[in-house]
Structures are given as structure tokens and as C-alpha cells.
Amino acid sequence: MAHEIGLHSLEPAPGSRRRKKRVGRGEGSGVGKTSGRGQKGAGSRSGSKRSVNLEGGQMPIHMRMRKLRGPHMKKSMPFEQYGRTHTQPVNLRDLDARFDDGAEVTPETLVGKGLAKRKGVPVKVLGQGDVSKKLTVQAHGFSKTAREKIEGAGGTCVLLEG
């Protein structure tokens, strides 16, 4: 008769579980008498918990690490370069696709068209793609190629402060 499989016959795979170590069950077991706690001292007493961050006489790692960590601290190197300006990019191909000839492009109109969605972050126009329309573009920054292409198409670039 075949072995019936069901909830009543479920068991872990052989060798996947290890038996619990039964300490203090006689000298012959190998873990009798002091039950693996060594001789005297705080570690042998009940309720003793060895602190994870205790390093003896050595300076603990959290005190050896340098301070001022985290993305909010502009002076901390691994996360953020000091003095970097943050801008959100808008490419010319997107302007050409979303705006009509002679339109005025401002950060507010860009938000309305689904570009430059991050609030309070300066907008920089980049020169990827081509522009075939005469646009008046107002932004906080322009790349060299973007400025050349906009002015080449008969448009103007207005640099915003802030």
C-alpha cells in the first residue's frame, strides 16, 4: 500500500531540523555540571545577558565612527557632495511634444503638462531632442546645447533667479 500524504503525515525533511541541546543532564552527555557556562563569573549566573555592543576595553564601533552622518547633513561625504545644486531636468523633445508654436514655457506650465513635478526644485532645460517651434522658455538653468537649439528655432531663453 502506498504511503498516504496528508496533513496528518507532514514532517520536516530528514536532516533539516537539529535536536535541541539538552544541557545539565550528566557528565556523560558532555554538557553536564556547569552546562557549558564555564566556571564562575557573571556569565555563569542566571539572568546574565551579554551586551551585543560591549567590546571590553576597546573603543566601541559606534564611538569610533565619524559623526554628522546622514543625508540631511550636507557635510557628510558618503551620502551627498557638499555644495551640490539640485535641479530637475526637462528635455527639449518633451517641450516640443507638449507645447504649441509661440507658447510661453514657465515652471508652472511645465507642472500643468506633467513635466517638472517636484515642488520647489529648480528646473533646468537640457538639450536632448530637437525643438521646431518658437518657444519662450523660462527656467532656472539651460544647458549650452539647449540654449543654442531654442534660439536657433527662433525662441528665447529667460533665466529665472532662485
Legend entry - Pairs flagged by side-chain hydrogen bond (donor to acceptor under 3.5 Å, both in side chains) wherever residues 37-47 is involved - sequence neighbours left out: none
Legend entry - Sequence neighbours excluded - side-chain hydrogen bond (donor to acceptor under 3.5 Å, both in side chains) pairs with any residue from residues 17-27: none
Legend entry - From CD (Gln88) to CZ (Arg118), nearest 0.5 Å: 5.5 Å
Inset, instruction - Mind checking the CD-CG spacing from Gln128 to Asn91? Nearest 0.5 Å is all I need. - result: 4.5 Å
Inset, instruction - Please say whether more than 12 non-hydrogen atoms of neighbouring residues, nucleotides or ligands are located less than 6.0 Å from CG in Leu10. - result: yes
Exercise: identify the closest heavy-atom pair between [X] and [Y]:
| X | Y | value |
| --- | --- | --- |
| Cys157 | Arg147 | CB-NH1, 3.7 Å |
| Pro12 | Ser16 | CB-OG, 3.6 Å |
| Ser48 | Ala42 | CB-O, 3.1 Å |
| Gly127 | Ser143 | N-OG, 3.3 Å |

Inset, instruction - Could I get the full list of salt bridge (Lys or Arg N to Asp or Glu O under 4.0 Å) partners for Asp130, not counting sequence neighbours? - result: Lys149
Inset, instruction - Name all residues meeting the salt bridge (Lys or Arg N to Asp or Glu O under 4.0 Å) criterion together with Glu104; count only those two or more places apart in sequence or in a different chain, and write none if there are none. - result: none
Inset, instruction - Answer whether the closest heavy-atom distance between the side chains of Lys124 and His140 falls below 4.5 Å. - result: no
Legend entry - Other ILVMFWY residues reachable from Val111 by side-chain steps of under 4.5 Å: none
Inset, instruction - Kindly give the cluster partners of Val123, where membership spreads through any ILVMFWY side chain lying under 4.5 Å from a current member. - result: Val90, Leu92, Leu95, Phe99, Val105, Leu110, Leu115, Val125, Val131, Leu135, Val137, Phe142, Ile150, Leu159
Is the backbone N or O of [Y] less than 3.5 Å from a side-chain atom of [X], with the two atoms forming a donor-acceptor pair by type?
| X | Y | result |
| --- | --- | --- |
| Glu151 | Thr156 | no |
| Lys134 | Gly155 | no |
| Gln138 | Val158 | no |

